[in-house]
Undergrad: 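This is the structure, below, for whatever I ask next.
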Amino acid sequence: MVKEKLLVIGLDCAAPSLFFNRHLKNIPTLAKIQASGSRGTMRSSDPPITIPAWMCMATGHTPGQLGIYGFRHRKKKTYDDLWIASSLSIKKKTAWEILGEHGYRSIIVGIPPTFPVKPFNGNMITGFITPSTKNQFTHPPSLKEEILDKFGHYTFDVPFRIEDKSTLFDNLMQMTRERQAILEYLITEKPWDMFWFVEIGLDRMHHAFWKYFDENHKDHEPGNDFQDCIDKYERLLDDNVSRLIELVPDDTRIMVVSDHGAQPLMGGFCLNEWLRREGYLALAETPTRPTPLDRVAVNWPETKAWGAGGYYGRVFLNVKGREPEGTIPIAEYERERQALAEKLENIRDPEGNLLGVKAYTPQELYRRARGVAPDLIVYFQEMAWRSLGSVGVESLYSLENDTGPDDANHAQQGLMIFHDPRYPSGGQRIEGAEIYDILPTLLARYQIDAPSQLRGEVLLSRSLHDHAIE
Ligand SMILES: [Zn+2]
């Protein structure tokens, strides 16, 4: 075994545009780490969504290999029977499981989805989809009592698509402060070789407060009451990071990672309403007001395709023998899918210009696609626009999200920073990093080869690993 201490700071939704440029002033500690270490943008998974992105990072596998394409998934051979991704859906080994097999101990806090908890060599608090502290949310199980005895409670997440922004801001600051106290406790009281936590609060801040600071956001109002909320939250995060660094041995290596980036949300495109108007989706009765598709009777024997809303669009084809009332013969499937992809990519914005739609087949994105993958994965203007699932809307374009207020959408480029205090690399740029590179890079620190046939590569191999063994 090699002596290696690695602190991995997971900042959900940390965007290069803010952390490398615009908001450096709020994050003196993270700025210092960037200046003395290495940094670069890091391409997220397709789709760049929290679930699956963290697990793509932790296992080195693609969403296609994991069979996880978001939060909710259709069950095979059904239209609207859904299952929610959890740790039980992850069949590949995570970094901490592999390290454990080699005798290394990890502390893992808040990585999604780690609930329900699975035993490994170390300590864990599960991530934001954990229902409540009534559930078993720790490993070992006794850690739960310990945390609740010492800290009273634990907050996994807060509802963030709400109108009361003052309360939301207080709740997010509070949640992050509380988590920090527990991180400080674990980092000093428990043994570890790798300590990896994820703070989900930054993602919630971006979704709820982006328009208040960004003068380029369509809804920005100068001089608003919440203008400096993201600044304040970033200062809290940075202060927390600096305190953690003070608590770890001087030679601890520090890695900062985000699962995806963020950008202002410009609008929403009503995917199902478009499919209906184009003759792909038939409804028994068309509602006169905006209604989610699952509350409308669909005329399946007349339907060729339907979709789902979210940060990106998912389109499913209604295939004979695959769906309960499929209409597209399997021999026609590829042709129909390509024709629909082309139509989607020709969608225009309200001014008549191409909206900038990309419709991918899972086969274009992954070598294999397990589970029930969407037939098309659709990005609207590189996700500056959301996909909206409601039907019965007047216009195909909406400036509001149909599932509650939301100011930001995810962006494909997240970030990565690495700093070895003993071997500073002077702000070296990391080029072309992908989320899949993190697992092999992490394992290489401990001289462990990543599982074979992964697409990721060890980042910074020279500067990182010449110094790995002393
Ligand atoms: Zn995320």
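All values reported here derive from a predicted model rather than from experimental measurement. Just so you know, ligand 1 is whichever comes first in the structure, and atom 1 is the first atom listed for that ligand.
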Undergrad: Kindly state whether the ring of His139 and the ring of Phe120 have centres lying under 6.0 angstrom apart.
TA: yes
Undergrad: Decide if the gap between the ring center of Tyr104 and the ring center of Trp96 is smaller than 6.0 angstrom.
TA: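 Ring centroids of Tyr104 and Trp96 are no less than 6.0 Å from each other.
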Undergrad: Is the distance between the Zn ion (ligand 1) and the nearest N/O/S atom of Asp259 smaller than 2.8 Å?
TA: yes
Undergrad: Rounding to 10°, state the angle centred on the Zn ion (ligand 1) that links OG1 in Thr50 with NE2 in His260.
TA: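 Answer comes to 110°, rounded to 10°.
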Undergrad: Give me the atom names and distance for the closest heavy-atom approach of Gln412 to Ser45.
TA: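 Of all heavy-atom pairs spanning Gln412 and Ser45, the closest is NE2-O, 2.9 Å.
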Undergrad: Give a yes or no on whether His410 keeps an N, O or S atom under 2.8 Å from the Zn ion (ligand 1).
TA: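 No - counting backbone and side chain alike, His410 has no N, O or S atom under 2.8 Å.
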Undergrad: After noting the C-alpha distance and the side-chain angles of Arg386 and Tyr312, does the key distance pass the side-chain hydrogen bond (donor to acceptor under 3.5 Å, both in side chains) rule?
TA: CA-CA 6 Å; Arg386 273 180 77 100; Tyr312 75 105; over 6 Å; no
Undergrad: Out of the N/O/S atoms in Asp12, what is the name of the one closest to the Zn ion (ligand 1)?
TA: OD1
